[in-house]
Structure formats: structure tokens, C-alpha cells
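Structure record follows, encoded as C-alpha cells.
Order of the sequence lines fixes the chain letters, A, B, ..., with proteins taken first and strands second; residue numbering starts at 1 for each chain. We use all heavy atoms of the structure for the numbers below, so side chains are in, but hydrogens, waters and symmetry mates are not. Keep in mind it's a predicted model, so treat the numbers as computed, not measured.
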2 protein chains.
Amino acid sequence: MPTSRPPLSTRRVLQAALALADSGGTDSLTMRHLGRELGVEAMSLYRHVANKDAVLDGIVDLVVAEIDLPGAEEDWKVTMRRRGEAAYRVLTRHPWAPPLLMSRTNTGPAMLRYIDFTLGVLRGAGFSWKLADYAWNTMDSFVYGYTLRRLAFPVAPADYAETAATHQHLLAGGEYPHMAELTRQVTLGHHPGDPDITFGLNLILDGLERLRDAEQAG
Amino acid sequence: MPTSRPPLSTRRVLQAALALADSGGTDSLTMRHLGRELGVEAMSLYRHVANKDAVLDGIVDLVVAEIDLPGAEEDWKVTMRRRGEAAYRVLTRHPWAPPLLMSRTNTGPAMLRYIDFTLGVLRGAGFSWKLADYAWNTMDSFVYGYTLRRLAFPVAPADYAETAATHQHLLAGGEYPHMAELTRQVTLGHHPGDPDITFGLNLILDGLERLRDAEQAG
DNA sequence: TTTGTAAGCTTACGACGTAAGCAAGGATGC
DNA sequence: GCATCCTTGCTTACGTCGTAAGCTTACAAA
């Protein structure tokens, strides 16, 4: 008679799955491993989740739910920038999540809430429905794309120069002259390597503002 | 004595793998299936590729190599826009590719050539090294993010209104008022749904141009 | 002829997701 | 108090995967 354990539930299964993914990535998230973590056989999990895909969908929505929706600031651009930065922070805290988030159609409640909030902010700032829709799609394409690229190229900004130096030989053949020179610039410390996500966010937000103004003027 | 077949080679293995992925997605790309396609046992493939990851890296670079580099136009913005559109077209022709492309560190020759070309265009347009680096990173984050989102939400523009109508019930609860209204707008035909990739490309390119001008003026 | 080497084959192992059915225990109806 | 059922978790098993280890065959060089 082992120590009695709390009974399983969908919620407990998903939370354990999230913890497992956080500690070892998607590879370590197997039904058997997840069962072991909960002190249970793998097949028992199927009483509480339909299949592994349901587990993946579930933990992705748990992550999305972690994204704080900023309060409604007076300035919509500030709100939107914070929203993008918050998403980036949360997604990089769970590096296994973005590939899942983007390669499956996700309509979990947290995601819907997130989108609804965004539409509200843009409408409040005077965007037409059409432009608001374009706007959040453009923002999110960038945020997710940026996050994924950052994760797939996991060089901390501080190490960038060093890594660049290491890869110099790849570029030495003269086949990629511009990359070679760019790498040299980074190595010399003339510029810091990858842009912060704020760079792109501001670029897009400024552009959207101009489009909104043109729309209102026209 | 079966019909003699051409001998295996890394190239032939990768081409067969590409064809297999194109016809049935990543799921159907298994070593055994790939061997069968080539009239060979699975283990024979390991004479020509290190392991399955090498196959995946290889076919991703084959896809990247399909992206036409536009000729150097007089207008850098036109060139850059075409570049983004070409990438989008190629990647949607191989819908299994973007998730792979973005979730593994890729430095295949086709990718390096693609980046080098882009840097050259931007430098030719008067961008500093730093701004050119930021610029292509921002562009590509958007292009890949947009492409992935588009693939994960595979509603052809023409079907959008219909799909929206189908999902109306999800929104009827009043929990997501802005989404509900947006959906209604789409259903009424007031706007066409998802933006074309050109919308975001132009937005970003205009913003980059302004930054370059400011840089040159400063 | 001998010998070396490369290409492909055979067998096998330890994962994986999950279908099918069983066992035990608590709740419910009489 | 007893019989019933339903819930929860367990056991066993199947087909699939990537790939390690070693074998066979055939041709080229000596």
C-alpha cells in the first residue's frame, strides 16, 4: 500500500505534462514518462485525455494563458508593444512551445481571449475592422516568427561575437562576401548582433499608425 | 534478378526524401518508407546519410534552394518584396518544410546564399551594416511567421467567410465580443479576411526605408 | 588468383502511441 | 444487507519507429 496519491484529473495530467515539457523538452514528453511522473501507468492517462495530441493542445493553451494582457494604457502603441514583449517572454520561458503553437490550429480559450483583447485595443484606437484584423495578424506573424528564429539560433547576445568568430572559416571561402563582412563587423564590436524584438515591434506599430491615419483622413 | 536500379547516392536519397515529404508530409517520411521507395532496405540508407536528422536538414536546404533570387532591380524595395513573396510561394508549395526550417539551426549552402544576397541588396541601398542586419532579420521573422500561420490556419481566402459562419457558435457566448463582431464583418463581406503577405512586406519595407533615411541624415 | 573495400542486407533492441479487455472499489438502488 | 453498476486504474499486446552490429556479395586492384 503505497502512499495514497491524489486522484488523476485532466487538469493534473496537463500540469504534469507542462512541467515535463519545461524540464526536458518535447522529446521527454511521452505518455509512459508522463504516467511515471504521476505514479500511474501510461494507459491510465487515457481516462482523462483523449490522446497525446489533446495533451499537446492543452499545454500550449496553458502557456498562452501565461501571457499577461497589459492593462489598457492610454497609448495603444504602448499597450501593443507590451503585449508583443510579454508574448515573447512567455514563449522563450517555454522554448518547446512555439513550434507546437504554430504548427497546429489552436483555438483554445486562452488564445481566443488573447486575440479578442488585441482587437479591442485596436478598435479603441480608431482602426477599422479590416485594418485591425490586418494589424494583429501582422504583429503576431512577426512576434511568433521572431521568437522561433531566436530559439532556433540560441546564441545569447553576449556570445554572438564569439560564435561569429568560430564560424569565420565557413565564410572564408569568399562565397558569401557580405556575410563575411557582417560577421567581421560584429566581431569588431561595431554592432551588437541580433536586434531586440522591440525594434521590429516599433517598426510595425509606426507603420500601422500611419495606415490608420491615412484611413481616417481618406 | 530484378531490373537493375541506379546505385544509391546521397543526392538520390535526398531527392526521394523530398518527393516523399511532398506527397505525404513529414509523417510519411520514415527511413523504411524511404528505403522502399528506392527499392532498398532502410538500413542501406545509412551508407549515404548519417541519420534521419541529416535527411531532414538536407531536404530543407533543397527547398530553400528553390527560392529564386530576384535579379538586382533598380529599386531595392521591389527586390526585397519579390524575395519575400518568392520565399512564401516556395514554402507553401512544401507545407511540411516551414516547421522544420524554423525549428532547427540551418546553415545549409542555399540558406547562406540567400542571406548573402539579401545583405548585398540592402548594402547597395545604402543601409549601414547594423541596420541591414536588423532589416533582414525583421523581414525574415515576418515572412516565416506569416507563412507558418497561414499553413496552420489552412482556410483558403475564398472559404474564409464560410468557415467564419461555421464557427459563429464558438463566439455566440459573448465571451469574445470583438472576435464575434469581426467574424460578422467578414461574413457580411465587408472585408476579405486574412491579409496578403504583401501587406506586411510593404509595411516593413516602408518602415525600413524611413530608418535608413534617418540614419543617413543623422 | 588473392585480397580489400564498398554497398546493401539481416537481425535485433528499446523506444513509441494506443486498442482491448480486466480488476477492484465505491456509490447507488432495493 | 445485498446486488448492481460505474469509475478508475492496470495488464497485455500490436504495429511502428530509428538505428546498432554484424553479415554477404560483388567488383577492383595487386
Between A:Tyr88 and A:Pro98, is any pair of side-chain heavy atoms under 4.5 Å apart?
no
Can you say whether the rings of B:His94 and B:Trp96 are parallel (under 30°), tilted (30 to 60°) or perpendicular (over 60°)?
perpendicular
Check whether any side-chain N or O of A:Ser44 sits under 4.0 Å from OP1 or OP2 of D:dT8, and answer yes or no.
no
Can you give me the N/O atom pairs linking the protein to nucleotides 12-14 of chain D at distances under 3.5 Å, or say none if there are none?
none

Should A:Leu151 and A:Thr147 count as side-chain neighbours, where that means a heavy-atom distance under 4.5 Å?
yes
Which atom pair, heavy atoms only, marks the closest approach of A:His48 to A:Val13?
CB-CG2, 4.3 Å
Between CD of A:Glu41 and C1' of C:dG21 the distance, given in whole Å, is 16 Å
Thinking salt bridges, do B:Arg123 and A:Glu181 make one under a 4.0 Å N-O criterion?
no
Taking atom P of C:dA7 as reference, at what distance in whole Å does atom CZ of B:Arg12 sit?
13 Å
Could you tell me the separation between the CE atom of A:Met102 and the OG atom of A:Ser141, rounded to the nearest 0.5 Å?
7.0 Å
If the threshold is 4.0 Å, N to carboxylate O, is there a salt bridge linking B:Asp61 and B:Arg113?
no
Just how far, in rounded Å, is P of D:dC10 from CG of A:Leu8?
9 Å
note: A:His33, atom NE2; C:dC16, atom C1'; distance rounded to Å ~ 14 Å
Which label fits B:His178 and A:Trp129: parallel for a plane angle under 30°, tilted from 30 to 60°, or perpendicular past 60°?
tilted
Within less than 4.0 Å of OP1 or OP2 of C:dC16, is there a side-chain N or O belonging to A:Thr30?
yes
Below 3.5 Å between N/O atoms, which protein atoms pair up with nucleotides 22-29 of chain D? Just atom names and distances, please.
none

Walking DNA chain C from its 5' end, the first of A:Asp53 and B:His48 to be reached, judged by nearest nucleotide, is B:His48
Need the bend value for the helix from C:dT1-D:dA30 to C:dC30-D:dG1: angle between end axes, 5 pairs each end, nearest 10°.
10°
In whole angstrom, what separates B:Leu45's CG from C:dA6's P?
19 Å
When rounded to whole Å, the CE to C1' distance for the pair A:Met31 and D:dC10 reads 15 Å
Just the rounded figure in Å: distance from P of D:dT11 to OH of A:Tyr46.
17 Å
Those residues at least two apart in sequence (or on a different chain) that pass side-chain hydrogen bond (donor to acceptor under 3.5 Å, both in side chains) with A:Asn137 are A:Asp133, B:Arg149
Using the salt bridge (Lys or Arg N to Asp or Glu O under 4.0 Å) rule, collect all pairs that involve residues 20-44 of chain B, keeping only residues at least two apart or in two chains.
none
Interatomic distance, B:Leu29 CG vs D:dT19 P [rounded to whole Å]
12 Å
With sequence neighbours left out, what residues match A:Asp196 under side chain to side chain contact (heavy atoms under 4.5 Å, CB included)?
A:Thr198
